[in-house]
Amino acid sequence: MDKNSKIYIAGHRGLVGSAIYKNLQSKGYTNIITRTHQELDLTNQTTVATFFEEEKPDYVFLAAAKVGGIVANNVYRADFIYENMMIQNNVIHQSYLHKVKKLLFLGSTCIYPKNAPQPMKEEYLLTDTLEYTNEPYAIAKIAGIKMCESYNLQYSTNFISVMPTNLYGPNDNFDLEKSHVLPALIRKIHLAKLLSESKHDEVVKDLGVNSIDEARSYLLKFGVTEKSVEIWGSGKPKREFLWSEDMADACVFIMENRNFSDTYNEGDKEIRNTHINIGTGKDVSIKELAETIKETIGFNGDLVFNTEKPDGTMRKLTDVSKLNSLGWEYKIELKEGIKIVYGWYINK
Ligand SMILES: NC(=O)C1=CN([C@@H]2O[C@H](COP(=O)(O)OP(=O)(O)OC[C@H]3O[C@@H](n4cnc5c(N)ncnc54)[C@H](OP(=O)(O)O)[C@@H]3O)[C@@H](O)[C@H]2O)C=CC1
Ligand SMILES: C[C@H]1O[C@H](OP(=O)(O)OP(=O)(O)OC[C@H]2O[C@@H](n3cnc4c(=O)[nH]c(N)nc43)[C@H](O)[C@@H]2O)[C@@H](O)[C@@H](O)C1=O
């Protein structure tokens with residue numbers, strides 16, 4: 001990519017898109033184009049076609065998607081498969097028609113089988129059945145990988161797919177029901193601490209409600225009181241967390257340095273580059289995560305595990321040897337990242 005290449009970031013206000021924007025700006029890229037969801041609905045074929053016709057971007061980061069945590073994925077199953085398929089079909093196809101030089105498609109490590117051997121290598125894709133809670137989202141993401149691969153093979157495009165682990169950072173979604181575990185627990189434990197310190201105005205302001213009674217009854221639905229915070233599931237599943245700005249750095253690194261046609265050597269095997277895992281290669285249990293967040297925030301109450309809520313996949317640790325062999329490694333450790341994002345949350 002040249003510093004004045006026209007680069008379209010789809011989803012530039014989201015967790016990853018905003019970090020990609022910041023990373024590109026810091027590296028001196030000057031011609032970045034963006035549209036909010038309201039300005040351009042990427043599920044709409046006609047408007048996406050018009051946008052590409054008018055703007056003709058050189059490079060595309062596809063970081064727009066319908067995204068959510070385990071409960072959102074499990075409940076809004078139709079929305080997750082429909083919206084994700086539509087967004088990626090439209091953006092990938094128009095990128096082909098308008099001769100985009102390179103596109104980066106963001107998938108997710110939930111594309112791998114539920115009981116995949118750990119850590120999960122790229123080649124485990126499509127070797128067994130998926131985790132049920134996020135199956136529709138995972139199937140959309142697998143279709144995205146195969147769409148990029150198929151366009152590359154048939155039309156000689158240069159579309160690369162990356163599979164990030166669970167991400168967190170500034171501009172994340174902190175909704176108590178629909179978000180991922182890390183932002184959800186930061187907000188729940190922060191609110192429990194405020195309740196325990198009788199900082200009622202701050203609780204009311206955070207939730208945007210009218211009174212502390214309204215706040216208390218709303219928080220009770222999520223198991224948040226001054227004495228304890230509910231953690232979904234058994235606390236035993238393990239997850240790997242990557243700082244969103246490290247994720248963005250890996251995305252820009254791959255766009256700058258890799259092509260679909262590059263192959264990799266593993267032992268004496270030559271492997272085609274269909275998709276690349278992005279992660280840290282380290283995981284923690286949800287119980288350990290909750291305890292670290294509790295300690296960072298300084299809440300003295302209890303953590304109560306609700307096993308009526310789903311655990312989801314018990315483990316999904318990425319094998320990041322391919323990415324590391326290309327010369328990229330993450331920088332921010334989980335404890336440090338939690339401190340930074342908590343600071344961001346309380347000051348936003
Ligand atoms: N967060 C995570 O832990 C993980 C994320 N990923 C993947 O990374 C990518 C980015 O995720 P993340 O940043 O967390 O997601 P966010 O929910 O933070 O951001 C999604 C972005 O997509 C935009 N968007 C959603 N629907 C549409 C639409 N119909 N038309 C136009 N824009 C739309 C939103 O626009 P607006 O802001 O204008 O509403 C928003 O900017 C996704 O592909 C996701 O699947 C993969 C693994 C883990
Ligand atoms: C990124 C990834 O994200 C999703 O998969 P997930 O990793 O299962 O998602 P999660 O972050 O929501 O949960 C991780 C674990 O944490 C537990 N947990 C405890 N307490 C809360 C809680 O309060 N909120 C949430 N959300 N989870 C909680 C929860 O029960 C689970 O065991 C998919 O969208 C998938 O498609 C995807 O790509």
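Every value quoted in this text rests on a predicted model; they were computed, and no experiment measured them. Atoms within a ligand are numbered from 1 in the order they appear, just like the ligands themselves.
Residue contact annotation: Glu39 has no non-hydrogen atom under 4.0 Å from ligand 1. At least one heavy atom of Arg239 sits less than 4.0 Å from an atom of ligand 2. Contact annotation: His180 has at least one heavy atom less than 4.0 Å from an atom of ligand 1. The shortest heavy-atom distance from Gly107 to ligand 1 is under 4.0 Å.
An N or O contact shorter than 3.5 Å is missing between Leu176 and ligand 2 by distance. Not one N or O of Leu185 is nearer than 3.5 Å to an N or O of ligand 2, by distance alone. Annotation: Gly233 places no N or O atom under 3.5 Å from an N or O atom of ligand 2; distance criterion only.
Using a 30° and 60° split on the angle between ring planes, Tyr151 and His93 fall in the perpendicular class, above 60°. Using cut-offs of 30° and 60° on the angle between ring planes, the pair Trp344 and Phe174 is parallel.
Here atom 25 (C) of ligand 1 lies nearest to Ala65 when heavy atoms of Ala65, Gly11, Ala64 are compared.
Under 4.0 angstrom from ligand 2, there are no non-hydrogen atoms of Ala290. Counting heavy atoms closer than 4.0 Å to ligand 2, residue Pro310 contributes backbone atoms (N, CA, C, O) but none from C-beta onward. Heavy atoms of Thr109 found under 4.0 angstrom from ligand 1: none, in either backbone or side chain.
For atom 9 (C) of ligand 1, the closest non-hydrogen atom of the protein is Leu106 CD2, 3.7 Å.
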